[in-house]
There are 2 protein chains.
Amino acid sequence: MALRYALLGLLAEQPASGYELAKAFEGDLGRYAWQAGHNRIYPELARLVDEGLVERAEEGARGRRVHTLTAAGLEELRAWLRQPWEGSTVRNEGVLRLFLLSALDPGDARKILHEVAARCEEELAPLREIVSGETPISPEGRLELGWLAAGYGLRQYEASRDWAVWALGELDKVDRGG
Amino acid sequence: MALRYALLGLLAEQPASGYELAKAFEGDLGRYAWQAGHNRIYPELARLVDEGLVERAEEGARGRRVHTLTAAGLEELRAWLRQPWEGSTVRNEGVLRLFLLSALDPGDARKILHEVAARCEEELAPLREIVSGETPISPEGRLELGWLAAGYGLRQYEASRDWAVWALGELDKVDRGG
DNA sequence: AGAGTCATGTAACTCGTTACATGATTTC
DNA sequence: GAAATCATGTAACGAGTTACATGACTCT
């Protein structure tokens with residue numbers, strides 16, 4: 001179901017072709033929230049068109065077909081967003097790896113935690129730059145998805161870095177204790 | 001592939017039945033990292049046994065079968081953890097919703113952001129309690145998965161709460177601007 | 001002319017969820 | 001004796017990935 005709403009949400013920002021939607025998932029959206037390839041997007045778009053949530057323009061150059069959100073589509077998206085959201089599933093292989101790290105011997109675990117902290121620090125710089133700039137407001141007076149995502153990513157990476165540093169400290173306690 | 005390593009990781013902590021592994025996914029592991037039901041776990045366990053990564057004891061009370069990690073299984077898990085991890089996919093419906101929030105009108109968006117901040121705050125209290133207690137070290141001198149997860153969750157919820165508060169501030173800017 | 005990118009699609013497969021199905025032990 | 005929990009499995013379906021396949025336009 002999530003892909004469906006991700007597509008509606010992207011089209012709420014601006015009309016787009018399937019190809020462009022696939023590109024959007026390669027950015028911040030795919031990084032923190034949801035991913036999908038073109039092969040999954042095209043069939044789902046067709047379904048949304050069938051249901052009248054999305055309108056498909058005629059083929060343009062190179063067979064490009066621009067999709068636009070309909071009023072019904074916007075309402076469907078909004079109804080989903082307003083609905084209370086409990087029990088949503090999380091799948092994050094990176095976090096899984098972090099949790100299982102103590103299966104390594106302390107030396108290896110320590111090395112990886114240092115790498116994690118360093119990588120987070122690298123990711124932070126460009127995000128800081130984006131977020132410290134001016135707030136981008138769309139013509140319709142809405143915040144851009146990419147801006148919201150950058151703000152989220154910034155705090156997310158800071159949290160992960162802090163966790164790695166904390167975990168290193170806890171590992172030291174284990175060493176002193178044993 | 002991730003489920004495979006999640007199971008190996010759980011069994012690295014302690015031997016368990018399929019039922020117990022399924023329970024483990026209902027805790028912090030399933031909350032932040034990966035989820036699976038018993039129906040997916042049993043077939044995967046059978047495969048791990050076939051490959052010699054896990055050993056299965058005879059049936060005990062109520063048909064319970066305890067699974068233990070073999071030396072080969074531990075090595076498989078460690079090899080995966082040591083390997084550089086790029087491009088791991090993230091799927092988080094909650095974060096997706098946050099990003100799409102600007103499709104709502106500002107009043108609704110603001111209401112939901114307040115709810116998000118409040119819920120994060122609720123989740124923080126019990127995590128703070130866990131993390132501020134003593135560091136639990138297993139007999140083999142390893143940190144407990146639940147402890148690592150609690151520390152991660154703590155920083156995660158703080159980050160999400162801070163993001164929601166920031167997003168509220170940005171929404172105010174939009175209002176003043178338009 | 002050839003490489004790269006834009007652009008759309010299908011087929012086979014893997015992974016995960018919901019629903020179905022069964023039986024043993026414990027607790028009240 | 002009934003209800004709850006422990007414990008294991010299968011079947012059908014839905015969601016997502018990899019690989020396959022094609023063609024138009026642009027830039028050098």
Side-chain angles (χ1 to χ4, degrees), chain A residues 1-8 10-11 14-27 29-31 33-51 54-68 80 86-93 96, chain B residues 1-8 10-11 15-27 29-31 33-51 54 56-68 80 86-93 96:
Chain A
M1 279 293 93
L3 173 60
R4 182 189 179 80
Y5 297 105
L7 293 176
L8 293 176
L10 286 168
L11 292 177
Q14 54 183 308
S17 66
Y19 186 85
E20 287 165 335
L21 291 169
K23 288 278 166 195
F25 281 102
E26 288 171 19
L29 189 68
R31 200 163 167 188
W34 209 266
Q35 279 173 301
H38 74 273
N39 34 31
R40 187 87 196 87
I41 290 169
Y42 288 118
E44 189 66 36
L45 269 179
R47 246 173 78 185
L48 292 171
V49 171
D50 282 347
E51 295 179 38
V54 164
E55 252 170 23
R56 173 146 57 183
E58 287 308 294
E59 288 193 8
R62 299 184 194 185
R64 180 167 186 261
R65 298 170 123 192
V66 180
H67 294 75
T68 314
W80 182 69
E86 326 238 321
S88 73
T89 71
V90 173
R91 257 166 237 294
N92 192 326
E93 199 176 300
L96 177 62
Chain B
M1 279 292 92
L3 173 60
R4 184 188 177 81
Y5 297 106
L7 293 175
L8 293 176
L10 285 169
L11 293 176
S17 66
Y19 186 86
E20 287 166 334
L21 291 168
K23 288 277 166 197
F25 281 101
E26 288 171 20
L29 189 68
R31 202 161 165 190
W34 209 266
Q35 278 174 301
H38 73 274
N39 33 30
R40 186 87 197 87
I41 290 169
Y42 288 117
E44 189 65 37
L45 269 179
R47 246 174 78 186
L48 291 170
V49 170
D50 282 347
E51 295 178 38
V54 164
R56 174 147 56 186
E58 288 308 294
E59 289 193 8
R62 301 184 194 184
R64 179 166 186 262
R65 298 170 122 192
V66 179
H67 294 75
T68 315
W80 181 69
E86 326 239 321
S88 72
T89 71
V90 172
R91 258 166 236 293
N92 192 326
E93 199 175 301
L96 177 63

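Each chain gets a letter, A, B and so on, in the order its sequence line appears, and its residues count up from 1.
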Original post:
Can you tell me if the side-chain N/O atoms of B/Arg91 get under 4.0 Å from OP1 or OP2 in D/dT17?
Top reply: yes
Subject >> B/Leu96 to A/Trp80 - nearest heavy-atom pair and separation >> reply: CD2-CH2, 4.1 Å
Subject >> Nearest-Å distance for atom pair CD/P, residues A/Glu59 and C/dT8 >> reply: 8 Å
Subject >> First of B/Arg56 and A/Glu44 reached from the 5' end of DNA chain D, by closest nucleotide >> reply: B/Arg56
Original post:
Does A/Arg40 have a side-chain nitrogen or oxygen under 4.0 Å from the phosphate oxygens OP1 or OP2 of D/dT18?
Top reply: no
Subject >> Any N/O donor-acceptor pair, A/Asn39 side-chain to C/dT10 base, under 3.5 Å >> reply: no
Original post:
To the nearest angstrom, how far is B/His67 atom NE2 from D/dT8 atom C1'?
Top reply: 10 Å
Subject >> Contact list for DNA chain C against residues 16-23 of chain B - heavy-atom distance below 4.0 Å >> reply: none
Original post:
Looking only at heavy atoms, which two atoms of B/Pro15 and B/Val66 are closest? And how far apart?
Top reply: CB-CG1, 3.7 Å
Original post:
With sequence neighbours left out, what residues match A/Arg64 under salt bridge (charged side-chain N to carboxylate O under 4.0 Å, His left out)?
Top reply: A/Glu20
Subject >> A/Tyr42 OH to D/dA15 C1', straight-line distance once rounded to whole Å >> reply: 19 Å
Original post:
How close or far is atom P of C/dT17 from atom CH2 of B/Trp34, stated in whole angstroms?
Top reply: 9 Å
**OP:** Mind checking side-chain hydrogen bond (donor to acceptor under 3.5 Å, both in side chains) for B/Arg4 and listing every partner two or more places apart, or none if nothing turns up?
**Re:** B/Glu51
Subject >> Option from A/Leu10, A/Leu45, A/Leu7 for which side chain to side chain contact (heavy atoms under 4.5 Å, CB included) with A/His67 holds >> reply: A/Leu45
Subject >> Gap between atom CD of A/Glu93 and atom CG of B/Leu3 - 0.5 Å precision >> reply: 11.0 Å
**OP:** First locate atom CD of A/Glu59, then atom OG of A/Ser17, and finally report the distance between them rounded to the nearest 0.5 Å.
**Re:** 12.0 Å
**OP:** With the side chain counted from C-beta on, respond yes when A/Asn92 and B/Asn92 share a heavy-atom pair under 4.5 Å apart, and no when they do not.
**Re:** no
Subject >> Approximate separation, where rounding is to 0.5 Å, of A/Glu55 CD and A/Leu11 CG >> reply: 11.5 Å
**OP:** Using five base pairs at each end, measure the axis-to-axis angle across the helix from C/dA1-D/dT28 to C/dC28-D/dG1 and round it to 10 degrees.
**Re:** 30°
**OP:** Verify the contact: side-chain N or O of B/Arg64 to OP1 or OP2 of D/dC6, cut-off strictly under 4.0 Å; return yes or no.
**Re:** no
**OP:** Take atom CZ of B/Arg4 and atom P of C/dC15, then tell me their distance rounded to the nearest Å.
**Re:** 9 Å
Using distance only, find each side-chain donor-acceptor pair of residues 35-43 of chain B under 3.5 Å and give its atom names and separation, not counting sequence neighbours.
from, atom 1, to, atom 2, distance (Å)
B/Gln35, OE1, A/Val90, N, 3.4
B/Tyr42, OH, B/Tyr19, N, 3.4

**OP:** List the protein contact pattern of nucleotides 20-28 of chain D with one symbol per nucleotide (5' to 3'): B for base contact, S for sugar-phosphate-only contact, - for none; contact means a heavy-atom distance under 4.0 Å.
**Re:** -----BS--
**OP:** For A/Glu93 and C/dG16, give me the distance from atom CD to atom P, rounded to whole Å.
**Re:** 10 Å
**OP:** Would you kindly give the CZ-to-C1' distance between A/Arg47 and C/dG9, to the nearest whole Å?
**Re:** 17 Å
Subject >> Length of the CG-C1' vector between A/Leu45 and C/dT8, whole Å >> reply: 11 Å
